[in-house]
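Down below is the structure, laid out as structure tokens.
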Number of protein chains: 4
Amino acid sequence: MSLTDLPLRRRRKEARPQELLDAALELFVEKGFASTRAEEVATRAGVSKGTLYLYYPSKEDLLKAVIKKNLSERLAAGAARAADFDGSATDLARSLLVDWWTQIYDDPAAAVFKLVITEARNFPEIAEFYAQEVITPAHALMTSIIQRGIDRGEFRPLDTSVAMHSLILPLIMVCLHKHSIGACSETPALFDGPTFIREHVDLVLAGMAAGAPNPVVHTPAALPAAPVRDRSPK
Amino acid sequence: MSLTDLPLRRRRKEARPQELLDAALELFVEKGFASTRAEEVATRAGVSKGTLYLYYPSKEDLLKAVIKKNLSERLAAGAARAADFDGSATDLARSLLVDWWTQIYDDPAAAVFKLVITEARNFPEIAEFYAQEVITPAHALMTSIIQRGIDRGEFRPLDTSVAMHSLILPLIMVCLHKHSIGACSETPALFDGPTFIREHVDLVLAGMAAGAPNPVVHTPAALPAAPVRDRSPK
Amino acid sequence: MSLTDLPLRRRRKEARPQELLDAALELFVEKGFASTRAEEVATRAGVSKGTLYLYYPSKEDLLKAVIKKNLSERLAAGAARAADFDGSATDLARSLLVDWWTQIYDDPAAAVFKLVITEARNFPEIAEFYAQEVITPAHALMTSIIQRGIDRGEFRPLDTSVAMHSLILPLIMVCLHKHSIGACSETPALFDGPTFIREHVDLVLAGMAAGAPNPVVHTPAALPAAPVRDRSPK
Amino acid sequence: MSLTDLPLRRRRKEARPQELLDAALELFVEKGFASTRAEEVATRAGVSKGTLYLYYPSKEDLLKAVIKKNLSERLAAGAARAADFDGSATDLARSLLVDWWTQIYDDPAAAVFKLVITEARNFPEIAEFYAQEVITPAHALMTSIIQRGIDRGEFRPLDTSVAMHSLILPLIMVCLHKHSIGACSETPALFDGPTFIREHVDLVLAGMAAGAPNPVVHTPAALPAAPVRDRSPK
DNA sequence: CATGAATGAGACTTCATTCAT
DNA sequence: AATGAATGAAGTCTCATTCAT
């Protein structure tokens, strides 16, 4: 039943796509898509240049496959976790944002976020896939959780979109950081990822809680005129 | 005293470096450093390929100049603003994080964050510059503000590093988003940047406020074992 | 005695070489030798890439086999037909040039002329084979027929080489055309092959006939100097 | 007024396209389009690989330019010659087919016929260009000449299409031969091109002349069944 | 015998950089 | 100073050929 029963040639063929995707993710995040040579990916996956093209018709297709594969897997896991949950909104938010996201953070797949941010503008197809398959469902899920918390009196009335982004954006940002500046040995570590994730979520949930102090009124009028460099066309 | 007083030829010559840096920032952020041709930068700046090399000895040097120039300017502005301030910690945080950052968000220079995230690993010099010239002073500034807030009883005792990152990371993230997925016309806008910035800061400051409810104790033991795909080497 | 009597496996095995040669002829003529992939030939012949190499050690050997096989078969048929003939020179010429050549024209093997023209310079062995095995015997045969016609008073005295080429070249040319421009669906058909073959032969034989008018004297001196673009090396 | 007055850089730039086209024609005819490396063309034209791409965006575009340029020039020359002529149909046919064609035969541009024959099926655009720009006007011209000869009583009534092809096809064929088998040093020369051209035209014109003997009736019924190799699908 | 996964030399094309004008 | 023609290193992708199964 295991792969070991297959003839060697066949077994290797079935493992190749994943090996290539893993190698590609590493390298694309490490060096950027454009600066990674197709042969490097092949070599890191333990095959020759030509073999890569047996599995993916072009470097660009490889990129798309890397993103789709990694995002799809994570998504399925998160959605399943949320569907099974039946506690308070606060606990569900924690379960998803702390526990599940800590797993993401520790997984090499967390690097896809950097890839998406980096390559979205070059490959509209990627932006579209990400918007439809990741952002939209994630927003729907988070909105429903927060709304439930408001309805149950756990959270004070607030803009679900703002709360959602205040909760999520730092989580994405730590993943980006881990695979960008954070991966440069010369720069000092800024924080421990999992610890920050936990405490960040608690901090924002505290701000969302029913008992939180009213935010002080903000006075835009106090804004001094900004001296911005002239950028008018010549 | 203004540049406008100079004769046209002279003025254009003196404006060249800035025009080249602006064109380069736009293109590097739009298409990525590696995928931008030197000639494109020159053309967008209104000069020929050869002229670019009169001002910057290589494409890589141009990249470094773009980053240093844009970050340095912003930095000086923010530091000056903080030095002049003498109100409450909460107000100072708001002034910096809302007012100043909104200016940044609306400025083309905000794109430099994407560039740093994207290219840091390819050019260690950039990561180092960013760590020393941006992260370190920004951290010192934010830490002192938050600590002052704690000392003055505005904020409850909390980890300054966590609070700082909870406040700042979404601000950076909206800049990244604006110049990445947000720049793809196909994807719907997720939020209004300036509005989000203001409400996000208020939300987190509410969580930091002295009167905020104690965060509920988090129980890591409850974490179910994560079924992560095996990635051990073969 | 027929192949049909053999068991299927055995028969297919014995038919392989011919199937591969047929597929190769089609494709080499359709796309050119260099632009045809070995795997395409194999696929069109209904076998796998590896099998092709079981029968022919290289793509080039396959090309040579295609040419030799197709030319040799045609040659044998034509020589046999001529040897059996004992009528007038005019009738023999018609029999060979009209009847026999019409068969050639309608046969896929006619495509081999395009292959020879196309590949002769790349593969000297092909040019040599063609010169020795096709041109030389064909010339000998045609010369003897025309000479016989002159001797018998059917034809007026003329240069056998010129007459031979005037007769034959258009026949080759219609074969070339059929498998080149004529095979492009966008171009209109220029003529019906067999009809042209018949009428062309009659037209030239009329010019060769004893009663034909003397050709008007041609005056090369009248030739105006040709203004040809300078192509001298610099 | 001469090119020599221009600065060197400029002068070379203006000469490049023709130099590249000449080199490309030679090599494409010599080795075939697919077997010629872009760098070879560049080298023969005395420039580097990159320079070729400064003038032609791809190897295929270079091929198309080679064909269009060479055919267009020849065409213009022939049409001009015919337009100026006002003698008998026989003399005009001779002028065009002997004098003009001898010039073509001796010019390197004659090689373009091989290129068209060879590459037409791979590049439909070429076939279309050739059909529209060469075949159609050439047919119109030849048809009108022959028809005039018939009307004036120079030629007996005959199918203009047949006569035209009997006249022309050997002329094209000698060009093909010159740049194919004829270019292989191992093969003996079959004829002297210009001599053959002249005598061939005279021979066919003799067959077309008003006084030529009626061609003997051809009896297709006499055709023996052709023993063609079985090509039925398996 | 037959297959098709794997290889790697080789070809097209791009583009950072140079330098004559 | 400014230009843009020219270069050639380097990268993507193809495909003839091999060989384990």
Side-chain angles (χ1 to χ4, degrees), chain A residues 6-14 16 34-43 46-62, chain B residues 9-10 12-13 16 33-43 46-62, chain C residues 9-10 12-13 16 33-43 46-62, chain D residues 6-14 16 34-43 46-62:
Chain A
L6 295 168
L8 181 59
R9 228 28 198 285
R10 178 84 175 287
R11 194 167 77 241
R12 301 205 64 189
K13 177 175 165 56
E14 305 206 337
R16 288 268 190 271
S35 300
T36 301
R37 282 176 307 134
E39 189 164 20
E40 286 179 278
V41 175
T43 301
V47 298
S48 74
K49 195 177 19 170
T51 301
L52 169 60
Y53 285 90
L54 244 38
Y55 292 88
Y56 298 95
S58 75
K59 198 180 146 188
E60 189 176 327
D61 283 285
L62 176 60
Chain B
R9 285 294 287 269
R10 179 86 179 286
R12 295 222 49 191
K13 195 165 71 179
R16 282 284 155 70
F33 172 72
S35 301
T36 302
R37 282 173 312 148
E39 188 164 18
E40 284 179 279
V41 175
T43 301
V47 299
S48 77
K49 201 175 5 171
T51 302
L52 169 61
Y53 283 86
L54 249 34
Y55 291 89
Y56 299 95
S58 77
K59 197 179 147 191
E60 191 177 325
D61 285 287
L62 175 61
Chain C
R9 285 294 288 269
R10 180 80 181 288
R12 296 222 48 192
K13 195 164 70 182
R16 281 284 153 70
F33 172 72
S35 301
T36 302
R37 283 175 308 147
E39 187 165 18
E40 284 179 278
V41 176
T43 301
V47 298
S48 76
K49 200 178 1 174
T51 302
L52 169 60
Y53 284 86
L54 249 33
Y55 291 89
Y56 300 95
S58 76
K59 197 179 147 189
E60 191 176 326
D61 285 287
L62 175 60
Chain D
L6 295 168
L8 180 58
R9 232 19 203 288
R10 178 85 176 287
R11 194 167 78 241
R12 303 204 63 189
K13 178 175 164 58
E14 304 205 339
R16 288 266 191 272
S35 301
T36 302
R37 281 176 306 134
E39 188 164 20
E40 285 179 279
V41 175
T43 301
V47 298
S48 75
K49 198 173 16 167
T51 301
L52 169 60
Y53 285 89
L54 244 37
Y55 293 88
Y56 299 95
S58 75
K59 199 179 145 189
E60 190 176 326
D61 284 285
L62 176 61

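So that the names make sense, note that chain A is the first sequence line, chain B the second, and so on, each numbered from 1.
Pairing partner, E:dG8: F:dC15, with both Watson-Crick or wobble hydrogen-bond distances short of 3.5 Å. Across all strands shown, F:dA1 has no partner, as no Watson-Crick or G-U wobble contact with both distances under 3.5 Å is found.
The residue A:Y55 sits close only to the backbone: its heavy atoms come under 4.0 Å of sugar-phosphate atoms, none of a base. Across all strands shown, C:S35 has no heavy atoms under 4.0 Å from either base or sugar-phosphate atoms. If you check every strand for non-hydrogen atoms under 4.0 Å, C:T43 touches nothing.
In the interface, the side chain of A:K49 is not paired with the base of E:dT7 through any donor and acceptor atom under 3.5 Å apart.
Scanning all heavy atoms of the two residues, the minimum distance from D:L62 to D:Y56 falls at CD1-CD1, 3.7 Å. In plain terms, the two heavy atoms of A:S35 and B:A34 that are nearest each other are OG-CB, 3.5 Å. A:S58 and A:Y53 get closest at one heavy-atom pair: CA-CE2, 4.0 Å.
Atom CZ in A:R12 sits about 14 Å away from atom C1' in F:dC19, given to the nearest Å. A:R16 places its CZ atom 13 Å from the C1' atom of E:dG4, with the value rounded to the nearest Å. Between C:E39 atom CD and E:dA6 atom P there is a gap of 14 Å when expressed in whole angstrom units. For B:K59 and E:dT18, the NZ to P distance is 14 Å, given to the nearest whole Å. Regarding D:Y56, its OH atom lies at a distance of 17 Å from the P atom of E:dC12, rounded to whole Å. Rounded to whole Å, atom C1' of E:dG8 lies 14 Å from atom CZ of A:R37. Atoms CD (B:E60) and P (E:dC15) sit 18 Å apart, rounded to a whole Å. As rounded to whole Å, 13 Å separates atom P of E:dT7 from atom NZ of A:K13.
Judged by distance alone, the side chain of B:K59 and the main-chain N or O of B:R37 form no donor-acceptor pair under 3.5 Å.
Between A:L54 and A:A38, the residue anchored closer to the 5' end of DNA chain F is A:A38, taking for each the nucleotide with the nearest heavy atom. Between D:G50 and A:G46, the residue whose closest nucleotide on DNA chain E is further toward the 5' end is A:G46. Between D:A34 and A:S48, the residue whose closest nucleotide on DNA chain E is further toward the 5' end is A:S48. With the nearest nucleotide of DNA chain F identified for both C:S58 and D:L52, D:L52 has the one nearer the 5' end.
Side-chain atoms of D:Y53 lie closest to E:dT14 of the nucleotides F:dT17, E:dT14, F:dT3.
Between D:R16 and D:L54 the shortest side-chain heavy-atom distance does not fall below 4.5 Å.
Remark: B:T51 is in phosphate contact with F:dT3, judged by side-chain N or O atoms under 4.0 Å from OP1 or OP2.
The distance from the NZ atom of D:K13 to the OG1 atom of D:T51 is 10.5 Å, given to the nearest 0.5 Å.
With C1' as the reference atom, E:dC1 and F:dT21 are 13 Å apart, rounded to whole Å.
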